[in-house]
Structure formats: structure tokens, C-alpha cells
Amino acid sequence: MSDKFTIGVVTYNTLFYTKLQLHKIREHTTAGSYMILVYDNGSTDGTREWLAEQPEVKVFHSLRPNDRTHGQALDHLANMATTKVFCTLDADAWPVSDDWTDPMAALNDDVVLAGIDREWGFTLKSGYIHPSYLFGWTEWIRKFTFSHVWPEKGNKYDTGEKITEGVFEAGKQIRCWNPTMVTFDERFTPKPCDYAGLVWHVWWSSRKKVSP
């Protein structure tokens, strides 16, 4: 593995946010220190074609729209990473500070993931780490999974609960830091939440039809 870190992103018809995200990554990250792996889940808005022209991006894509869940796609990208550290960003999240990679410094022999929760510390307040913005040791992320189906929730899934469970069962730790969250009802508006002044995330806007 190299000394770079890998950013993993899952997209589906998010060209507007994809362009914004890559622009902000370039603006706030040292050139040559990262590579980006994108799983395009069958976009028809030109996202995959635009990404294929970006030198630091490697694109994987589905043969039909949404043939993988978000978690399955993240697992695929983690398995393709060749760096010690793997970072996940939702398609509609982007860095707003040159310090956005600082949580990576929290990783050590015991702390294998650093991600968003309710406060900075080792106690998870929400019950699980959220992969909309996290850093972790690639070798440890591969031991677990972002993908999980909950039959009791109507076969809906969450991409953070299973990997959180795996980390703790392995006797490892997660380092958390605090986002300034909008209320739950507002999460479905285009108002972004602020991840500790490091990353902004619009939440579900990328699942809507957005014009380039």
C-alpha cells in the first residue's frame, strides 16, 4: 500500500454535486496525496463520462441503474483501494477546510475508524458511525461491511450500523467528532449540515433529480 489515502464515493445522477465535490477536494487537499475511487450506480446524466476525464479518479460502474446498494458499492471500493487509509464521502458532501483530513490523525493501533457522531470522544451517542464522512484503516474496513439489510425495517439498510458492530466486536475503537446537524425534518431540504467546520453535507439532495 502507498502513503496516499483513498477517497471512496458512490454516485447516481449527481453530476452537479460530483463537480462541486471534486473541485473542493482539489482546493483543500495537497495534490498527489490522494486518489479517488467512484462507484457510479448507472448514472444517465453524464456523471460517469465526466469522471472518466479526471486524472485522479478511477471509476467503477454498474451495468444497470442501482444494481448495488450504497453499502455494497462502498465495500467494493474498499476492496479496490491500495492505500493504508480509506475515506468515505457521500456524493453530496464536500470539504470546506484545509483541515478536513485531520480526523485521519486520530487513527492508531486501537482506533480503526474516525467518523461523524454527536460529540468528539469515544462514546457513540447515535449508536453507529456514519460513512457520509469517515476515515479508517483500509485493512480493518475490509474485515467488516458497510452493507446490511434489516428485514425488521422493511429490508431497508444503513451503511454504518454493521461496520460499527464489527469494530467493537473486534475489540477496536472509533473516534467521533461532532457535526452541527439540522433537525431531522430539515434533512430533506437543501440546507447543508456542517461537520465540525471540515465538511458540508447536503444529505438527501443527491437522491433527487438535479440538473448539471
Side-chain angles (χ1 to χ4, degrees), residues 1-11 14-15 17-41 47-61 68 70-116 129-147 159-160 163 166-167 170 172-177 195-201 206:
M1 292 187 178
S2 71
D3 292 331
K4 295 182 178 180
F5 72 98
T6 299
I7 304 167
V9 181
V10 181
T11 66
T14 58
L15 183 58
Y17 287 111
T18 297
K19 289 182 176 181
L20 172 61
Q21 181 183 71
L22 187 51
H23 169 72
K24 301 304 282 186
I25 289 173
R26 288 168 172 165
E27 179 182 354
H28 293 294
T29 318
T30 302
S33 67
Y34 64 93
M35 58 190 305
I36 303 174
L37 303 181
V38 177
Y39 191 91
D40 184 86
N41 223 342
T47 295
R48 177 158 55 95
E49 292 79 5
W50 184 83
L51 284 169
E53 299 173 351
Q54 311 310 310
E56 68 269 67
V57 178
K58 182 173 183 180
V59 183
F60 302 88
H61 63 89
R68 294 193 182 193
H70 191 85
Q72 289 170 341
L74 283 178
D75 287 342
H76 178 79
L77 296 179
N79 286 326
M80 295 296 103
T82 58
T83 59
K84 292 181 180 179
V85 175
F86 186 69
C87 165
T88 61
L89 275 180
D90 271 7
D92 53 352
W94 61 91
V96 294
S97 167
D98 291 349
D99 298 327
W100 82 276
T101 60
D102 279 3
M104 187 162 46
L107 302 177
N108 56 45
D109 289 343
D110 294 317
V111 179
V112 299
L113 286 180
I116 282 295
I129 205 72
H130 202 281
S132 56
Y133 170 40
L134 68 76
F135 289 88
W137 296 122
T138 305
E139 63 176 315
W140 276 100
I141 288 176
R142 288 175 180 163
K143 294 178 186 292
F144 314 122
T145 179
F146 287 108
S147 179
T159 53
I163 198 167
V167 168
K172 296 298 181 178
Q173 294 179 317
I174 295 171
R175 183 78 157 146
C176 309
W177 70 100
Y195 287 169
L198 303 174
V199 164
W200 282 4
H201 185 200
S206 66

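Everything numeric here is computed off the predicted structure, so don't read it as measured data.
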Can any side-chain N or O of [X] pair as donor or acceptor with the backbone N or O of [Y] at less than 3.5 Å?
| X | Y | result |
| --- | --- | --- |
| W137 | N108 | yes |
| T138 | T83 | yes |
| K172 | D109 | yes |

Polar side chain donor-acceptor pair, S132 to Y195, under 3.5 angstrom: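 Yes - a donor-acceptor pair under 3.5 Å links their side chains.
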
Test applied, ring pair (Phe, Tyr, Trp, His ring centres under 6.0 Å); reference residue, W177; option that passes from Y133, W100, F135: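 So the option named by the test is Y133.
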
Test side-chain contact (heavy atoms from CB on, under 4.5 Å) applied to L20 and W200, step by step: CA-CA 11 Å; L20 172 61; W200 282 4; over 6 Å; no

Cationic N near anionic O, under 4.0 Å, R142 to E139: no

If you look at every heavy atom in [X] and [Y], which pair is closest and at what distance?
| X | Y | answer |
| --- | --- | --- |
| A91 | V10 | CB-O, 3.3 Å |
| L134 | P131 | CD2-CA, 3.5 Å |
| I163 | G160 | CG2-O, 3.4 Å |
| R26 | P55 | NH2-CD, 3.9 Å |

So, do [X] and [Y] sit near enough that their side-chain heavy atoms are less than 4.5 Å apart?
| X | Y | answer |
| --- | --- | --- |
| K58 | M80 | no |
| L74 | S147 | no |
| S33 | T101 | no |
| L107 | W140 | no |
| F86 | L77 | yes |
| I141 | F146 | yes |

Roughly how far apart are [X] [atom1] and [Y] [atom2], rounded to 0.5 Å?
| X | Y | atom1 | atom2 | value |
| --- | --- | --- | --- | --- |
| T88 | I129 | OG1 | CD1 | 9.5 Å |
| L22 | I7 | CG | CD1 | 8.5 Å |
| D110 | R175 | CG | CZ | 12.5 Å |
| H28 | D99 | NE2 | CG | 10.0 Å |
| S97 | K24 | OG | NZ | 10.5 Å |
| N41 | T47 | CG | OG1 | 11.5 Å |

Parallel, tilted or perpendicular, as decided by the 30° and 60° cut-offs, for the rings of Y39 and H76: perpendicular

Option passing side-chain hydrogen bond (donor to acceptor under 3.5 Å, both in side chains) with D90 (candidates H130, Q21, H201):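 Result: among H130, Q21, H201, H201 is the only option passing the side-chain hydrogen bond (donor to acceptor under 3.5 Å, both in side chains) with D90.
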
Qualifying residue, where the test is side chain to side chain contact (heavy atoms under 4.5 Å, CB included) with V9 and the options are V38, L51, V59, I25: V38

